[in-house]
Every structure is written in C-alpha cells, then in structure tokens.
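Remarks on the structure that follows.
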Number of protein chains: 2
Amino acid sequence: MASSSGPDSSRRVTIHDVARSAGVSRQTVSRALNGKDEIERSTKQRVLDAARELGYRPSRFARGLVRQDTTTIGLVIPDLRNPFFTEVAASALESARARGWHVVVYDTADRPEEELGTLQVIGSQVDGVVGYFSCAEDELDRYTRGMPMVLIGREHRMARFSSIRIDGEAGVHAAVAHLVARGHTMIGMLDHDNRAEPSLRREWFTAAALAHGIDPGRVAGAGQSADGGGAGLRALLAAHPEVTAVFTFNDIVAIGALREARRLGRAVPADLAVIGFDGLQLGALMEPPLSSVALDTRRLGALAVEQVGRLLTGADPLPPEDLEVRAELRLAGSA
Amino acid sequence: MASSSGPDSSRRVTIHDVARSAGVSRQTVSRALNGKDEIERSTKQRVLDAARELGYRPSRFARGLVRQDTTTIGLVIPDLRNPFFTEVAASALESARARGWHVVVYDTADRPEEELGTLQVIGSQVDGVVGYFSCAEDELDRYTRGMPMVLIGREHRMARFSSIRIDGEAGVHAAVAHLVARGHTMIGMLDHDNRAEPSLRREWFTAAALAHGIDPGRVAGAGQSADGGGAGLRALLAAHPEVTAVFTFNDIVAIGALREARRLGRAVPADLAVIGFDGLQLGALMEPPLSSVALDTRRLGALAVEQVGRLLTGADPLPPEDLEVRAELRLAGSA
DNA sequence: AACGTTCCCGTGAACGTTCACGGAACGGGT
DNA sequence: ACCCGTTCCGTGAACGTTCACGGGAACGTT
C-alpha cells in the first residue's frame, strides 16, 4: 500500500535508486547522506527526501568494503547471567566503546562444545576475539585461522595466543593469613568441582595453608552456583565438622555458603568465617557483606581489549608480565 | 622476520594473493576455504597451506556484500551491570543465537544523551535494533532513518515503532491483596526518583491500594541502586513511621530496603514486609528471599528479538496485544 | 575577450568476495 | 574413432558503496 513506485518488489533499494529518483548521480547522493561539502542545499534536501521516501538504508557491507575503518571485536562469554562474566563483559564493552569499536557478544551457554562452533561463526565476522575458552589451544588455533585472540583468566602455552593472567597468589595468602590472625586453624575450601585437574586457586590455597602450618586437605567440590555453594558447604562440614572458616573458589559459591551457614544456624563470621574470590559488587549486598579476594574486573576487561587492539593494529603487544591482574584481599563482614 | 614473500608490506592479503601463491584461481581458493565440492584433495590442501602461510583472512564485508545472509541486530542497554538488564540481554542473546543472528551490544552507561549517538553509530552497522530508550520518539525516528526498531518496557505512541509492553497491573494488585490479607493496612512504596512523571508502577500501586481502601500516599523516591533503596526506606519510614509493608519500584531497590531494614532492627517480614518488582534471580539469594512481582525476562528478550525479526523479514509483525509480558506475584520469604 | 576561481556535479575505478557459466582433461563405453 | 559423462578448474560479472578525478557553469578580474 505504500507508494513504492518501483515495479519490482523484493530487490534492495540501492544508492542508484535514490539517485535516479532524485535525478542526480550516485556520488551526489553519497555526498548528501554523509554530510559532505560540495553540494547545494536544495539538492541535498531533495536527495534526503527521496532517500526517506524510498526507505533507503546504505549497505554496511558495501560501505565497509571501501572505507576500511570500522573494527568489530567478538566477546565470548560462558554465561552472561553469571555476575562475574557480566562485570567483565561490561568493562570490555566500556573500553571498546571508548575506542569506537563495535562488540558482538556471544554466550556459549556454559557448554564448552559450543565454543568451537561459535569460533567458527565468529571468525568470519569480527576482526579479533576476546573471551573465555576452556578447550585446548591447538583446537582453538584450528578454528581461528590466525585471528587475533586474547584469552582471559587462563594460562597460555602456545605463543599463538595472548592471555590475561589472574594472579591471586598473594591475595589468597593474605586471606589465609587474615583467618589465621583471627584465630582460625581449621580452614576449609570449596573448590570448583567439575574440572579434571585441581584449580589454580586451590593450589594457591594449599601453598598458603602450608605456609601457615595448616592442613590444606579440608576441601570439598562445589557446583558453580549459589545452590552448589550451599551443597558444597554441607558436604564440607559433614566431612570436616571442625572447620571454622572457609575459602571458596568464587563469590557465587561463597554466597551460597553464606546462605547455607545461616540455615544451619551458624553465625557468620562468629561461627564460620567466609572468604570468596572475585570481588563481585554483588558481595556487598549480602548480609554480612562478603569478604573476598577481589580482582579488578574493570581492568581485566580493559586489558583484554587493549591487547587485542594492539594485535589488531600491529603495534607491539603488551608483554606477558603486563597482562596480569592481581587479586587482593578485600575485607568486609563475613570474615 | 616472518617469511612474508610479498614485497609491499601493509596491504591487505586478499584471495588473489593466495591464488597466486598457490598457483590457482580465486574461485579455487574460495572453494577450498568454504569446503565446496569441485576441488581435488591435494589442490585444496595446497591452497589451505598457502592461505595459512600468508595469514589470509577473508573480508567479512566483501563476503557479506555478495551473500546476503548474515543478519546482525543491535542491542542497546542502559547498564549491563544492572542485573535486570543483564537478564534481558542474556535472553535476547539466546533467541538471536537460535536464529543464527549476531548481536552487537551497546551500553549507554545510563546516560540518555548517549542514546542518540549510539543510535547514529549503530544505524549503519546493524539490520535492526532492540533495546531500552528513554528519549522522545520523534528524536529516535530522526536518528534511525527507517531502521526496524523494537522498544522494550515502554509504551509507544508513534506507529513507527514496536514496543514490548510490561503489564504489571494484575501482579501489583495481587501483591497489595497479599499484603492486605496478611493484615497490613499501612503500605508504602519506594518509587523511581529521577523521572519527571510518576511511574506506571506507581499508578498500578495507587489503583490497587485504592481498591483495597488503603491510602496510596505513603511514597518516597529512591535511587536505582541498593544504596538508593536503603536511603529511600529510611526516608519513607521517617515520613511515615506507621508503615509495615513496602512495595518497591524494582528488586534492586527492594534489596537495598531489605538490607536497611535489617540494620534498623526491623525483622522481615514480621516487622516489615517487602515486595519488589522484576523477579530477578538475584532475589532468591537474599535472606529472606525476596518476594516480587516477577516478569519473565526470558520471554521479554525473546519477544523483542522475535518482533524485530518479523520487521526485518517483512513478515507480518505481531500485534500490540501479543507484545506484552505480564508480571505476576511470586512469593518468597520477604512478604 | 581571455583567463582564473569557485561552486556543483558526474564518470570510471576500486574495494574483495561469490555466483553462474564455460571449458579442458581424462576415462570408458559403443 | 567417436561420443559422453565426470571431475576439476578458470573467467567475467555482480554485489553497493566511496574515492580520485575531471568538467561544465557562473562569476569576477585583467
């Protein structure tokens, strides 16, 4: 019913159509639309009207082909509903926007098998990738075909990739030291449960505990959710009833532990001290507020974007020792 | 130092370069890279090797220009760190992925003045837009130039746009009814504070209160954060000490109120009942768990994507009465 | 009257890829 | 010897835009 004067229906409206309709050339249309100079006021208006009338929208592909400016990076996140990844994503978005880059976000729905498929799709759609990946590096390499990529929160073995390392060693040490100073000697940990090898955080905990002459063996696995944390705490206390303080793999688990402790009638921090890992903003909302070995998620995202930018432009990439965010103990009410 | 045999340095590696290097034609290279059929095994391998050697990556623009398949939509969010928007974003991502679409996310950092700039940038980069916008419709229209757009959580006046309406009338009514049934008669509300007109949710509350013969005037403003909710509750109780139950603009504010209540020594729900709005997953982590007039954020995002898809493909768009998400009371411990 | 300026506007070419075609080489059947 | 089918590969053209250039008209200057 609209006054589409063109005879054929489904073809895309191009700059030619607008030009013909306004009685000018392509170039003049381009000038009008892009606010260029060499064009008369009345002509410009006529072109603009014609464009609006025809419902013309420039093709981003054609434009991108000729002007090499727009850069787009892909951000791959296991689960956007997980507050930790949300914070990282938000900060990555922030730095990308500051550079005028576009970010297309992919959520792998926590299924590692989605990673490769995502990578395949992403590969032909973005200039570089930043994100969390759990699969093997050579497998990643096979699917990226030489695309700049920055891994977050993971060690890299191959020179092929950059990665942002998370150094929580000192922070975890400080956490254990703090608990010891408060008189705790029976300190447990809730670790990640569905990963084959023990986590780095577990290793840090073990080292810190040993350094204080504490048995590092009081560990239980926990699913990566609040409910998982609750269940994990029950399991831990069942196996080691003597535990009076607990360090957790991350804040989500800690929050679940906090809630479970209350249900078990153990006051926090009096009967049970809890320290998490990540330093989520969310932790501050808890009662008592969660103590945590906090890392600067803002810096995490920003660093990753910075590095992928360097890889992209060919500038010299940051050396591994700079690609590191240090976690430090942030005390609140829970310990 | 890499064996880049080409003499000139900065030019992009194209399919021609690979073809020349492998001693074949463009088309053969294309076949090898896209896994097409009519190519010999050994030739394919030779091409693949050459491509890898040269660091060739196809141009997404050139490819997109000729194959009209990839569609990308823009998702505009005020603040990704806000759990509510995160949930909506996650669900939008989910539906988009199911359709094989790409989503580029823009965070306007809660500054309405960023909206138009974002829209301008976005306009030439995506096929359609879904998101939250606070500025006037004719202003939006001016910047979108006819791009399909779906507004979330907002009424639309112009026929130009689609929007997903949030119907909380029945849910809020149920919330008030529940409080009344529990014996509450002095029910307050913490409303959005930095918006000119009173919110829709406030209107629903007023109507529901009046329907139960309750004074709807016990209202205080609250900033959109947990701290804002705490401050709001203090203000509300200062002005109306008789209040025994409170309904809040959203869950974030409710959570702040919950925390503040505990600090004030008022037990929840015994001394003070709290009901929020949104139904965030986060609410379940609180102690006591938050009651809320919950809306299905998953459906919210999915609907928006569905509709923008229809606008995009020219299929008949959903009628306004289907573009609606009903909020319903979900009771937990806090009321 | 010839010439230089300024202001508009249009014409080929280029960006890098895929599609639709055509064609060479090879092998096997009659 | 001829034809036909299969397998593999290459050649124009097209996608829709912008860039670099060139050119005409109008106006003023010498």
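Residue numbering restarts at 1 for every chain, and letters A, B, ... go by the order of the sequence lines.
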Please report, rounded to the nearest Å, how far the C1' atom of D:dT18 is from the CZ atom of A:R67.
8 Å

Could you check how far CG of B:L33 sits from P of C:dG16, rounded to whole Å?
16 Å

Judged by each residue's nearest nucleotide on DNA chain D, which is more toward the 5′ side, B:T28 or B:V66?
B:T28

Whole-Å distance, B:L65 CG to D:dT17 P, equals 9 Å

Is there a side-chain contact between A:L75 and A:F85, using heavy atoms and a 4.5 Å cut-off?
no

Taking 4.0 Å as the cut-off, does a side-chain nitrogen or oxygen of B:S59 come that near to OP1 or OP2 on C:dG16?
no

On a plain distance test, is the side chain of B:E38 in donor-acceptor contact with the base of D:dC9 below 3.5 Å?
yes

Between the base of C:dC19 and the side chain of B:Q27, is there a donor-acceptor distance below 3.5 Å?
yes

Measure CZ/B:R57 against P/C:dC15 and give the value in whole Å, please.
19 Å

Nearest-angstrom distance from the residue atom CZ of B:R20 to P of C:dT17:
13 Å

Could you check how far CG of A:D37 sits from P of C:dC9, rounded to whole Å?
12 Å

Nearest to the side chain of A:S25 - D:dT17, C:dG10, C:dT17?
C:dG10

Does the side chain of A:E306 come under 3.5 Å of the side chain of A:S95 through a donor N or O and an acceptor N or O?
no

Rounded to the nearest angstrom, tell me the gap between atom CD in A:Q68 and atom C1' in D:dT18.
11 Å

I'd like to know if A:E40 reaches the base of C:dC8 with its side chain such that a donor and an acceptor end up less than 3.5 angstrom apart.
no

DNA chain C: B:K36 or A:R41, which has the more 5' nearest nucleotide?
A:R41

Using Watson-Crick or G-U wobble geometry with both distances under 3.5 Å, which nucleotide pairs with D:dG23?
C:dC8

Would a 4.5 Å heavy-atom cut-off, applied to side chains only, mark B:V129 and B:M147 as touching?
yes

When you compare the side chains of B:R97 and A:T118, does any donor N or O come within less than 3.5 Å of an acceptor on the partner?
yes

Between the base of C:dG10 and the side chain of A:R31, is there a donor and acceptor pair under 3.5 angstrom?
yes

Yes or no on salt bridge (charged side-chain N to carboxylate O under 4.0 Å, His left out) for B:E94 and A:R81, after CA distance, side-chain angles and deciding distance?
CA-CA 11 Å; B:E94 206 171 296; A:R81 289 178 221 266; 2.7 Å; yes

Which nucleotide sits closest to the side chain of A:I39: D:dG16, C:dT17, C:dC9?
C:dC9

note: B:R63, atom CZ; C:dC15, atom P; distance rounded to Å ~ 19 Å

Does B:R26 make a side-chain donor-acceptor contact with the base of D:dG12, cut-off 3.5 Å?
yes

